[in-house]
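To start, the structure under review is shown below, and the notes come after it.
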Amino acid sequence: MDVRSSLSYLYWLFCQFELITCSYLMEPWEKLLFYSFNLALLGLLLYTTYVCVAVQASSAFQLLCSLLANPRDSALAVVK
């Protein structure tokens, strides 16, 4: 896949996005506001996902390590 077809594909995706959201009907200042809001929400979503996944993976790893380290004590701790 060459660069030209990649840029063409990205442009096609952007055109599809404009058609789906009807943003091609907006004035330039409305587009700027709309795209800024969407990018801010996307950034917050990605950051929150990154933080939550890291915390959950860390908790799961600690639980797995504690279960593998001492299976009998860990099983009793879970039951209590």
Side-chain angles (χ1 to χ4, degrees):
M1 181 179 249
D2 59 0
V3 175
R4 190 172 189 179
S5 65
S6 297
L7 291 175
S8 176
Y9 181 67
L10 287 176
Y11 178 72
W12 180 80
L13 283 177
F14 179 73
C15 289
Q16 291 296 314
F17 171 74
E18 280 194 330
L19 286 172
I20 290 170
T21 59
C22 295
S23 60
Y24 65 94
L25 298 172
M26 295 179 187
E27 293 183 16
W29 68 270
E30 291 173 325
K31 278 187 178 184
L32 180 67
L33 192 65
F34 181 70
Y35 293 154
S36 299
F37 180 73
N38 284 339
L39 286 175
L41 281 180
L42 180 65
L44 286 172
L45 177 70
L46 291 175
Y47 175 74
T48 304
T49 302
Y50 171 74
V51 169
C52 290
V53 167
V55 169
Q56 293 297 322
S58 173
S59 297
F61 183 69
Q62 287 177 354
L63 178 65
L64 183 65
C65 286
S66 69
L67 287 175
L68 293 177
N70 235 343
R72 180 173 294 171
D73 293 340
S74 297
L76 290 176
V78 170
V79 172
K80 290 181 184 179

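What you see is a predicted model, and the numbers here were worked out from it, not measured in a lab.
- Tracing side-chain contacts under 4.5 Å through hydrophobic residues (I, L, V, M, F, W, Y), one never reaches Leu64 starting from Val55; they form parts of separate clusters.
- With Leu46 as the fixed residue, the side-chain contact (heavy atoms from CB on, under 4.5 Å) test singles out one of Thr49, Leu42, Leu44: Leu42.
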Next item on the list: May I have the step-by-step check of side chain to side chain contact (heavy atoms under 4.5 Å, CB included) for Tyr9 and Trp12, ending in yes or no?
Entry: CA-CA 5 Å; Tyr9 181 67; Trp12 180 80; 3.9 Å; yes

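- Within the 4.5 Å cutoff, side-chain heavy atoms of Ser36 are placed close to those of Leu32.
- Smallest separation of non-hydrogen atoms from Glu30 and Met26: OE1-CA, 3.5 Å.
- Under the 30°/60° scheme for interplanar angles, the aromatic rings of Tyr35 and Phe17 are found to be tilted.
- Going from atom OG of Ser8 over to atom CG of Leu13 covers 10.0 Å, rounded to the nearest 0.5 Å.
- Note that CG of Leu10 is 9.5 Å distant from OG of Ser5, once rounded to the nearest 0.5 Å.
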